[in-house]
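I have placed the structure first, in the form of structure tokens, so that the comments after it can refer back to it.
Position 1 is the first residue of the sequence, and the numbers go up from there. Heavy atoms only: backbone and side chains are in, while hydrogens, waters and symmetry mates are out.
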Amino acid sequence: MRFFVPTDIYIENDCVKNHAKNLLAVGKCALVMTGRHSAAANGSLKDVTAVLAAGKVSFLVFNEVEENPSTDTLRKAASIARKFKVDFVIGIGGGSAIDAAKAVALLLSNPDVDADDLHKVPGHPLEHLPVVAVPTTCGTGSEATLVAIITNHKINLKKSIPHVIFPTLALVDGKYLASAKKQLIVNTAVDALAHMVESILNVKSNAFNRMFPEYGLKLWGECKDALLADSDVEASLYEKLMLTSTIAGMSIAHTSTTLPHGMSYDLTLHANVPHGPAVGYFLAAYTEVCAKFVPQDVDKILELLGLKTLDEFTAMIQKLIGTYTVTREMRDNFAAAMKVNRSKLDLAPGPITAEDVDYIYEKSLIVG
Ligand code: NAP
Ligand code: ZN
């Protein structure tokens, strides 16, 4: 067994300000990567740039990261940052901004690698500049994982890149959720739920990795009524949701994700479904299939969430994210691709058959 999450992680109110020294120690010239609006709107960009300015660390803001960051955006950011001679990269935002920061940190240390080649497996580990992560959604846990999920539109591929890029520092502050709409909080919380469930229903699951989802699922269970309610989530829960998301990230840092994530990428790529729901649609049926192999683990997950049956689990997810309709052709194409996706199939806790894959798609996506 091995435990390895080398990121220095702080989770508290006013986290960026409180840990200004840690942030300033990372480098002398920063590329700050954000999406177009949210980091400016929720105060996270201002918190970071105030610390950098006060500490005389120069910085350049690149605010063009789109949802599901593309290789074209990464290339553009790296090319601008090279002229500025940055020595670290800060990602502020949801998983998209943080993953983009990780990938650009890799490109900056490897000028011979084009962004379109990031998915190719290199002959040896590649270096990267240090990365700082400031998450503003409660889902991906990218601040505590080694992976970056990148989209290459030229070859219709959304996938993690095969490089280990743990952030050096993660500064996690629940208050940035105040600007998020309820559905964004719900969508990203469903992603965190999936990370923990997929981490337990996983061939790599062991005593180390289980510490995280077993505690995180209990926290998630304590938030579930607020997520299911029609009203907005109370501010007092923001920190718990963020903590759960970071813990869920630590869970998959050990095990990786399995089928629901593998299945989600096509749905996002071809139907533009946001990451959380795209994963969530497949979660209950995957859990049901895994009950054949590890029934005691499925029972444990339900118990930690405060649920009694798999039907309750299915109904809860459906209330949170609804259902999704695709054409038969799309569903068949997605299923055909998943049946040969050994990198995800081999992580399931038992031998998933082609019939199981078809069953998960049939249960998870409506054909219309
Ligand atoms: P996201 O794609 O980063 O952001 C979704 C939307 O939420 C964007 O429009 C963003 O606006 C907005 N937003 C972000 N924070 C907000 C806030 N506090 N208030 C209001 N709006 C806010 O969403 P995400 O679900 O966090 O990340 C999804 C990506 O992460 C996917 O590419 C997924 O594959 C990847 N992922 C990575 C890992 C990992 O371990 N690396 C794990 C799971 C998923 P702006 O564009 O204006 O910022
Ligand atoms: Zn995810």
Side-chain angles (χ1 to χ4, degrees), residues 4 6-8 22-36 39 45 48-49 52-53 55-135 140 142-170 253 265 269 343:
F4 186 68
T7 307
D8 196 12
N22 304 67
L23 177 55
L24 295 172
V26 180
K28 287 278 150 241
C29 182
L31 171 67
V32 181
M33 298 192 66
T34 72
R36 289 206 181 261
L45 177 61
V48 168
T49 54
L52 296 177
K56 301 202 175 357
V57 167
S58 48
F59 60 89
L60 171 75
V61 177
F62 179 88
N63 70 352
E64 297 175 37
V65 181
E66 71 276 55
E67 291 183 36
N68 311 297
S70 68
T71 51
D72 292 335
T73 299
L74 304 179
R75 185 183 302 104
K76 182 174 178 187
S79 138
I80 295 170
R82 257 183 215 113
K83 293 180 197 129
F84 204 65
K85 298 199 187 322
V86 308
D87 62 1
F88 71 117
V89 185
I90 306 175
I92 309 175
S96 296
I98 297 173
D99 285 3
K102 290 177 176 178
V104 168
L106 190 88
L107 290 176
L108 290 174
S109 287
N110 299 277
D112 297 340
V113 176
D114 181 72
D116 282 345
D117 294 330
L118 281 173
H119 288 98
K120 292 183 185 153
V121 180
H124 54 87
L126 297 182
E127 296 292 314
H128 60 82
L129 293 184
V131 174
V132 177
V134 181
T140 73
S142 181
E143 66 276 11
T145 76
L146 61 164
V147 296
I149 318 291
I150 300 301
T151 299
N152 182 339
H153 291 291
K154 294 173 199 94
I155 53 169
N156 262 335
L157 180 73
K158 177 179 175 180
K159 206 177 174 201
S160 60
I161 56 174
H163 306 281
V164 175
I165 317 168
F166 275 110
T168 302
L169 177 67
Y265 297 144
L269 193 60
S343 68

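Using modelled atom types, one side-chain atom of Asn110 and one backbone atom of Glu127 make a donor-acceptor pair closer than 3.5 Å. With hydrogens and angles disregarded, a donor-acceptor distance shorter than 3.5 Å links the side chain of His163 to the backbone of Leu118. Listed for the Asp8 side chain is no donor-acceptor partner under 3.5 Å among the backbone atoms of Leu169. For Thr7 (side chain) and Pro167 (main-chain N/O), a donor-acceptor pair under 3.5 Å exists by modelled atom type.
With contacts defined as side-chain heavy-atom distances shorter than 4.5 Å, the pair Arg75/Asp114 qualifies. Residues Phe88 and Val132 have side chains in contact (heavy-atom distance under 4.5 Å, counting atoms from C-beta outward). Taking 4.5 Å as the limit, every side-chain heavy atom of Glu66 sits out of range of all side-chain heavy atoms of Ser96. With a 4.5 Å cut-off on side-chain heavy atoms, Val113 and Lys120 do not count as touching. In this structure, Asp72 and His153 have side chains that are not in contact, with every pair of non-hydrogen atoms separated by 4.5 Å or more. Side-chain atoms of Pro135 and Ser142, non-hydrogen and from C-beta on, never get closer than 4.5 Å to each other. Using a 4.5 Å heavy-atom cutoff, the side chains of Leu146 and Phe4 are not in contact. In this structure, the side chains of Ile161 and Lys102 stay at 4.5 Å or more apart for every pair of heavy atoms.
Closest approach of Ala30 to Leu52, counting heavy atoms only: CB-CD1, 4.3 Å. The two residues His128 and Phe166 have their closest heavy-atom pair at CE1-O, 4.1 Å. Among all heavy-atom pairs drawn from Ser160 and Ile149, the shortest one is CB-CD1, 3.6 Å. Smallest separation of non-hydrogen atoms from Gly27 and Val57: O-CG2, 3.5 Å. Minimum heavy-atom separation, Val147 to Asp99: O-OD1, 3.7 Å. Residue Ala81 comes nearest to Leu60 through the heavy atom pair CA-CD2, 4.3 Å, listed as atom of the first residue, atom of the second, then distance.
Note that SG of Cys29 is 6.0 Å distant from CG of Asp87, once rounded to the nearest 0.5 Å. The structure places CG of Asp112 at 11.5 Å from CG of Leu107, a figure rounded to the nearest 0.5 Å. To the nearest 0.5 Å, atom CD of residue Glu67 and atom CZ of residue Arg36 are 12.0 Å apart. Within the model, atoms CG of Asn152 and CG of Asp116 stand 4.5 Å from one another, a figure rounded to the nearest 0.5 Å. Of the inter-residue distances, the one linking Ile98 atom CD1 with Ile165 atom CD1 reads 13.0 Å to the nearest 0.5 angstrom. Within the model, atoms CD1 of Ile92 and CG of Leu45 stand 5.0 Å from one another, a figure rounded to the nearest 0.5 Å.
When only modelled atom types and interatomic distance are considered, Ser58 and Lys85 share no side-chain donor-acceptor pair under 3.5 Å. Between the side chains of Asn68 and Thr151, not a single donor N or O lies within less than 3.5 Å of an accepting N or O.
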Stepwise side chain to side chain contact (heavy atoms under 4.5 Å, CB included) check, Phe62 with Leu31:
CA-CA 7 Å; Phe62 179 88; Leu31 171 67; 4.0 Å; yes
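For Lys154, the NZ atom is densely surrounded, since the number of other residues' heavy atoms within 6.0 Å is greater than 12.
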